[in-house]
*Asks:* 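What follows is a single structure, and I will ask about it in a moment.
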Number of protein chains: 2
Amino acid sequence: MITLTEENYIKAIYHLGKYGVDNVSTNSIAKEMETKASSVTDMVKKLSDKGYANYKKYQGVTLTEEGKEIAINIVRKHRLWEVFLVEKLNFSWDEVHEVAEQLEHIKSKKLISQLDAFLEFPTHDPHGDPIPDKTGKINKIDKILLSETIIGDQCICVGVQDSSSDFLKYLDKNKIALGTELVVSHREPFDNSITIKIKNKELIISNMIANNLFVKVS
Amino acid sequence: MITLTEENYIKAIYHLGKYGVDNVSTNSIAKEMETKASSVTDMVKKLSDKGYANYKKYQGVTLTEEGKEIAINIVRKHRLWEVFLVEKLNFSWDEVHEVAEQLEHIKSKKLISQLDAFLEFPTHDPHGDPIPDKTGKINKIDKILLSETIIGDQCICVGVQDSSSDFLKYLDKNKIALGTELVVSHREPFDNSITIKIKNKELIISNMIANNLFVKVS
DNA sequence: ATATATTTTTAGATTAATCTAAAAATATAT
DNA sequence: ATATATTTTTAGATTAATCTAAAAATATAT
Ligand SMILES: [Mn+2]
Ligand SMILES: [Mn+2]
Ligand SMILES: [Mn+2]
Ligand SMILES: [Mn+2]
């Protein structure tokens, strides 16, 4: 049996290690989990004993194949629940994360497969992140950050890097949603702010915003 | 903050004490929770300290008003989730309880009020049990056990006492569902078995079955 | 290359929830 | 009314998850 706490550590290691490849440091896990490094050391030993992680003292952690599978399954559940909350229960995209953090730990194979079908097998969550399928396959689309575009690029918004409420509400206020089309018209060298056009209306966007919005160039 | 374990104890005390009125013994809680009496004593002290229960050594436990509110809210969540699983995710009524035991602990006011609306404010769960409304009001219908009926009674099935998978599957097999109409045609004095007629087809039902099926006499 | 700073681990303690075995209180039988 | 049985509590231990403070290892700066 795997505990809720173990699941959360595995998920953190998965996300911090760029989806399971890099070595993850004790301190980075501690920061992500809002806990102390010494607690992380203990837990990481436990995950290693249970076969979910590879760990050598002072060398950081990676997930084993089994650990990675667990992580992907939690991510799948998290994102499916987020779709449910937005599509069926009228949550807005800045309200779903907290609740999904709880729902992702519910253990029932049937629940998730039925939920998946009920939602008509969605491929992406409300923030544009891909939903792993039941075999764990993740369908990545080729998206880049708005900050990486060049002048003249015609783009469509496909995701957010940060999904904090503050950022999502900023996007709502400025009528930027997934699917919104925009053109990059100017980049200010001094502060790297970007001017974009949405339906011929100009909008100036800070570098920080541009660094958190994913687009697809068409 | 209330822990998941505390919530489960409060729920057990609520159900054992006939919905909050009777004193509940340490041993009965231990049996219900599949734990030891000594563990119950510890927890019951804690619930009392936190203001959820009234407890005097050797005298059993009752819930305080606050404890009762918590219990009713958990029951509300449990039953709403059961409706969701049956109505939306095609679970059968013998599959929902286990999953609802997990889902009932998810903490989000908005989630439950939206779920309630999405399900169109159901008044009863798939087993015929009433769903408390958001203020905690429980709409009891006047149901009796099939074993308490008299010969000639025309009944409609409205609920089950036991919701174990074995019992519910028995009902399925014999085409007895909530809403099914039946007439009580004979009672055998020797073993208290009952003969019922459903659509003119006779069926003999043991006393144990009759003791677990609620009906409304019309 | 060595001193210094930073990161990570270890040692020992704490809290929540649980257990076993023994003691204490209450209930039951004669 | 007293002995016996049953129930409940207490004492002391264990496991999971956490913490602080100190020690050890690794990384960085000169
Ligand atoms: Mn999320
Ligand atoms: Mn998301
Ligand atoms: Mn149930
Ligand atoms: Mn039910």
Side-chain angles (χ1 to χ4, degrees), chain A residues 1-18 22-63 66-67 70-71 74 101-102 104-105 107, chain B residues 1-18 22-63 66-67 70-71 74 101-102 104-105 107:
Chain A
M1 255 301 294
I2 185 162
T3 68
L4 187 141
T5 313
E6 287 166 358
E7 286 191 345
N8 281 331
Y9 273 94
I10 289 171
K11 193 177 52 147
I13 296 166
Y14 178 74
H15 281 130
L16 289 168
K18 299 232 179 78
D22 293 5
N23 266 56
V24 176
S25 76
T26 302
N27 257 354
S28 66
I29 300 171
K31 192 179 280 181
E32 173 83 9
M33 306 279 301
E34 295 180 49
T35 183
K36 294 294 146 102
S38 55
S39 309
V40 174
T41 302
D42 282 348
M43 179 53 79
V44 144
K45 281 179 191 163
K46 200 177 149 205
L47 294 177
S48 170
D49 288 347
K50 287 193 164 189
Y52 306 138
N54 307 113
Y55 168 65
K56 274 203 216 107
K57 268 191 197 178
Y58 296 99
Q59 301 308 120
V61 207
T62 57
L63 292 176
E66 196 185 349
I70 291 167
I74 298 169
E101 287 288 305
Q102 296 179 61
E104 71 189 6
H105 299 289
K107 283 168 188 61
Chain B
M1 255 303 294
I2 185 161
T3 69
L4 188 141
T5 313
E6 287 166 359
E7 285 192 345
N8 280 331
Y9 272 93
I10 288 171
K11 191 177 53 149
I13 297 166
Y14 179 74
H15 282 130
L16 289 168
K18 300 231 180 79
D22 291 5
N23 264 57
V24 176
S25 77
T26 302
N27 258 354
S28 65
I29 299 171
K31 192 178 280 181
E32 172 82 9
M33 307 278 301
E34 296 180 51
T35 184
K36 296 294 148 103
S38 55
S39 308
V40 174
T41 302
D42 282 349
M43 179 55 78
V44 144
K45 281 179 191 166
K46 200 177 146 204
L47 293 178
S48 170
D49 287 347
K50 286 193 165 191
Y52 305 138
N54 306 113
Y55 168 66
K56 273 203 217 107
K57 268 193 197 180
Y58 295 100
Q59 302 307 121
V61 208
T62 57
L63 293 176
E66 196 185 348
I70 292 167
I74 298 169
E101 287 287 305
Q102 297 180 61
E104 72 190 6
H105 299 289
K107 282 167 190 63

*Asks:* Could you check if a side-chain atom of A/I2 sits within less than 4.5 angstrom of a side-chain atom of A/Y52, using non-hydrogen atoms only?
*Replies:*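 They are in side-chain contact.
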*Asks:* Nearest to the side chain of B/T35, which nucleotide is it out of C/dC19, D/dT18, D/dT8?
*Replies:*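 The closest nucleotide is C/dC19.
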*Asks:* So what does A/S39 touch, heavy atoms closer than 4.0 Å: a base, only the sugar-phosphate, or nothing?
*Replies:*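 Touches a base.
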*Asks:* Between A/E32 and A/H15, do the side chains contain a donor N or O and an acceptor N or O under 3.5 Å apart?
*Replies:*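 No, no side-chain donor-acceptor contact under 3.5 Å.
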*Asks:* Mind checking the NZ-CD spacing from A/K11 to A/E104? Nearest 0.5 Å is all I need.
*Replies:*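 Here the rounded value is 3.5 Å.
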*Asks:* Check every atom of D/dT9, C/dT9, D/dT18 against the side chain of A/Y55 and return the nucleotide holding the closest atom.
*Replies:*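 The listed nucleotide nearest to A/Y55's side chain is C/dT9.
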*Asks:* Let me know the distance between CG of B/N27 and C1' of C/dT26, rounded to the nearest Å.
*Replies:*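 It is 13 Å, rounded to the nearest whole Å.
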*Asks:* So what's C/dT30 paired with, Watson-Crick or G-U wobble, going by both distances under 3.5 Å?
*Replies:*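 By the stated definition (distances under 3.5 Å), D/dA1 pairs with C/dT30.
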*Asks:* Please give, in whole Å, the distance from D/dC19 P to A/D42 CG?
*Replies:*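 It works out to 10 Å between those atoms.
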*Asks:* Can you tell me the base-pairing partner of D/dG12? Count Watson-Crick or G-U wobble geometry only, both distances below 3.5 Å, and say none if there is no partner.
*Replies:*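 For D/dG12, the partner nucleotide comes out as C/dC19, under the 3.5 Å rule.
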*Asks:* Just how far, in rounded Å, is C1' of D/dT9 from OH of B/Y58?
*Replies:*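 Rounding to the nearest Å, OH of B/Y58 and C1' of D/dT9 are 4 Å apart.
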*Asks:* May I ask you to verify if any side-chain N or O of B/Y9 is less than 4.0 angstrom from the OP1 or OP2 atom of C/dT18?
*Replies:*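 The answer is yes; a side-chain N or O of B/Y9 sits under 4.0 Å from OP1 or OP2.
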*Asks:* Should B/T41 be listed as having a side-chain N or O under 4.0 Å from OP1 or OP2 of D/dT10?
*Replies:*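 No, no such contact exists.
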*Asks:* For the side chain of A/M43, starting at C-beta, report the closest nucleotide among D/dT8, C/dT8, D/dT18.
*Replies:*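 Of D/dT8, C/dT8, D/dT18, D/dT18 is nearest to the side chain of A/M43.
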*Asks:* I need the CD1-P distance between B/I29 and D/dT8, as an integer number of Å.
*Replies:*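 In whole Å, D/dT8 P lies 9 Å from B/I29 CD1.
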*Asks:* Whether the side chain of B/S38 and the base of C/dT20 hold a donor-acceptor pair under 3.5 Å is what I'd like checked.
*Replies:*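 Pair found.
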*Asks:* Measure CE/B/M1 against C1'/C/dT15 and give the value in whole Å, please.
*Replies:*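 Roughly 15 Å, once rounded to whole Å.
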*Asks:* Quick one: look up who C/dA25 pairs with, Watson-Crick or G-U, both distances under 3.5 Å, and put none if it's unpaired.
*Replies:*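 The answer is D/dT6, by the H-bond criterion.
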*Asks:* The side chain of B/Q59 lies closest to which of these nucleotides: C/dT26, D/dA16, D/dT9?
*Replies:*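 Shortest atom-to-atom distance from the side chain points to C/dT26.
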*Asks:* Round to the nearest Å and state the distance from B/K36 atom NZ to C/dT18 atom P.
*Replies:*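 Value for this atom pair: 12 Å.
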*Asks:* Between atom CD in B/E34 and atom P in C/dC19, what is the gap in whole Å?
*Replies:*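 Going from B/E34 (CD) to C/dC19 (P), I get 11 Å.
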*Asks:* Would you check if the side chain of A/K18 reaches a backbone N or O of A/L16 as a donor-acceptor pair within less than 3.5 Å?
*Replies:*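 No, A/K18 side chain to A/L16 backbone: no donor-acceptor pair under 3.5 Å.
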*Asks:* Could you check if a side-chain atom of B/T41 sits within less than 4.5 angstrom of a side-chain atom of B/Y55, using non-hydrogen atoms only?
*Replies:*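 In short, these two side chains touch, coming nearer than 4.5 Å.
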*Asks:* Mind calculating the distance between NZ (A/K57) and P (C/dA11) to the nearest angstrom?
*Replies:*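 The distance from NZ of A/K57 to P of C/dA11 comes to 8 Å, rounded to the nearest Å.
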*Asks:* NA contact type, A/T5, heavy-atom cut-off 4.0 Å: base, sugar-phosphate, or nothing?
*Replies:*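 Touches sugar-phosphate only.
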